[in-house]
Amino acid sequence: MVDPQLENWKRRKAAVRERPRTKLLNTAPSTEPRKKLNSGTLGEKETCLHFPLAAMNSISLLRGPLIARTLGLIKASNSGPHNTAFSFSLRPLQWRRAMSSINATNDEEASARVAAVDADTGKPTIFDKIIAKEIPSSIVYEDDKVLAFRDISPQAPVHVLVIPKIRDGLTQLGKAEHRHGEILGHLLYAAKIVAEKEGIVDGFRVVINSGPSACQSVYHLHLHVLGGRQMKWPPG
């Protein structure tokens, strides 16, 4: 029988992994003269800029560093000599990559907001079923307090989740209380054991997403242990 929570979790993860393509505007350069706009006409330089400026309406709703990166890409593509045919031949690939990243990010943010609705209801999560072995997982480490298993949508050659077996109100790190100090320390120690087992102890990253603004997708505290490649700074 298909578990609906597992399927929903897989769909959310797939949004990041698959990087869905966005339908592009027709980017073929037109041979027809441009129509007058108000009192002037658009020249060769304006024709070269037509595609990114027309598409910027879809970006204007976004915020923060994502806008800066996308606009930086447009600016870079418009710099230098304005060879119209050459510029149009490059922009579709650059624009598709930028928009795919934006769409995947938006999907993840939307999923995080949906997941937050049931954050404090006490309902079982997908992780509860993994702990109970009702849903199979690739276990890397386990003891009486924590379980570590591979992420179904890895963002690095090594990507392991470490979770407490008993949630005890730890839906997210922002809900931690003084009584949780022992299990929080044990989770970090377990992350180090995972790194040793995976051969990445000389360089790895531990990430905790807390709350919808951090794109937390499951409200059962979990650590992401990432490694096996060069990590960048600052993180996204």
Side-chain angles (χ1 to χ4, degrees), residues 5-6 9-10 12-17 19 64-66 69 101 104-105 107-109 111-113 115-116 119-120 124-133 135-236:
Q5 282 185 309
L6 177 60
W9 191 42
K10 286 182 177 179
R12 289 199 298 268
K13 291 290 185 177
V16 176
R17 182 177 67 250
R19 304 291 187 190
L66 198 56
R69 289 197 296 271
S101 177
T105 300
D107 289 343
E108 193 74 1
E109 291 173 357
S111 297
R113 288 193 292 270
D120 298 315
T125 69
I126 185 71
F127 290 169
D128 291 304
K129 296 182 179 181
I130 290 175
I131 293 169
K133 306 298 192 294
I135 294 176
S137 63
S138 178
I139 296 175
V140 175
Y141 173 75
E142 182 177 12
D143 61 27
D144 60 330
K145 295 179 179 179
V146 303
L147 179 68
F149 54 94
R150 301 191 190 282
D151 195 294
I152 62 171
S153 179
Q155 302 301 305
V158 175
H159 188 171
V160 176
L161 301 180
V162 185
I163 65 175
K165 286 187 171 180
I166 300 176
R167 187 166 40 170
D168 189 26
L170 270 178
T171 54
Q172 55 185 299
L173 187 58
K175 299 289 185 179
E177 299 177 9
H178 185 269
R179 61 190 174 90
H180 294 130
E182 182 179 353
I183 187 61
L184 290 172
H186 192 70
L187 284 166
L188 285 174
Y189 178 69
K192 177 255 188 181
I193 294 176
V194 167
E196 287 180 334
K197 285 180 170 290
E198 295 296 300
I200 60 170
V201 73
D202 290 335
F204 65 99
R205 178 170 291 169
V206 177
V207 176
I208 300 176
N209 299 323
S210 183
S213 295
C215 284
Q216 182 176 357
S217 58
V218 179
Y219 280 83
H220 182 138
L221 180 69
H222 52 287
L223 281 61
H224 297 259
V225 180
L226 302 135
R229 63 171 170 82
Q230 178 61 54
M231 297 294 167
K232 305 299 182 182
W233 192 263

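The analysis underlying the following values was restricted to heavy atoms, covering all of them including side chains, and did not include hydrogens, waters or symmetry mates.
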Exercise. Are Val194 and Lys197 side-chain neighbours, meaning at least one heavy-atom pair lies under 4.5 Å?
Worked result: no

For this session: Can you see which heavy atom on Leu173 is nearest to which on Leu221, and at what distance?
Result: N-CD1, 3.6 Å

Exercise. Measuring from Ile163:CD1 to Phe127:CZ, what's the distance to the nearest 0.5 Å?
Worked result: 6.0 Å

Exercise. Just by modelled atom types, is the Gly174 backbone N or O under 3.5 Å from a matching donor or acceptor in the Ser210 side chain?
Worked result: yes

Exercise. Where is the tightest heavy-atom contact between Lys165 and Asp143, given as atom of each residue plus distance?
Worked result: NZ-O, 2.7 Å

For this session: Report the C-alpha separation of His224 and His222 in whole Å, then their side-chain angles, then the decisive distance to 0.1 Å, and conclude whether the ring-ring contact (aromatic ring centres under 6.0 Å, His included) test is met.
Result: CA-CA 7 Å; His224 297 259; His222 52 287; 5.2 Å; yes

Exercise. Would you say the side chain of Ile130 lies within less than 4.5 Å of the side chain of Phe149, judging by non-hydrogen atoms?
Worked result: yes

Seminar exercise, completed: Interatomic distance, CG@Leu184 vs CG@Leu188, rounded to 0.5 Å, equals 7.5 Å

For this session: Indicate the atoms forming the closest heavy-atom contact of Asn209 with Cys215, along with that distance.
Result: ND2-O, 4.2 Å

Problem set entry | Donor-acceptor under 3.5 Å (His186 side chain, Pro164 main chain) | no

Exercise. Which heavy atom of Val206 sits nearest a heavy atom of Ala191, and at what distance?
Worked result: CG2-CB, 4.1 Å

Exercise. Is there a side-chain contact between Tyr219 and Pro212 (heavy atoms, below 4.5 Å)?
Worked result: yes

Problem set entry | Heavy atoms from other residues, nucleotides or ligands near CD1 of Ile166 exceed 12 (cutoff 6.0 Å) | no

Check: residues 228-236 side-chain donor-acceptor pairs under 3.5 Å, at least two apart:
residue : atom : partner : partner atom : Å
Arg229  : NE   : Gln155  : O            : 3.4
Arg229  : NH2  : Gln155  : O            : 2.9

Exercise. Does Val140 reach the side chain of Val162, with side-chain heavy atoms less than 4.5 Å apart?
Worked result: no

Problem set entry | Value rounded to 0.5 Å, distance of CG in Leu161 from OG in Ser137 | 9.5 Å

Seminar exercise, completed: Rounding to 0.5 Å, atoms OG1 (Thr125) and NE2 (His220) come to a distance of 6.0 Å

For this session: Determine whether Arg167 and Asp128 make a side-chain contact, defined as any pair of heavy atoms from C-beta on separated by less than 4.5 Å.
Result: yes

For this session: Return the minimal non-hydrogen interatomic distance between Glu196 and Val201, and the atom names on each side.
Result: CG-CG2, 3.8 Å

Exercise. Are any non-hydrogen side-chain atoms of Glu177 and Asp168 less than 4.5 angstrom apart?
Worked result: no

Exercise. Out of curiosity, Ile135 CD1 to Ile152 CD1, how far, rounded to the nearest 0.5 Å?
Worked result: 9.5 Å

Problem set entry | Contacts of type side chain to side chain donor-acceptor pair (under 3.5 Å), residue Lys175, not counting sequence neighbours | none

Problem set entry | Contact summary for Leu223 and Leu187, nearest pair of heavy atoms | CD2-O, 3.8 Å

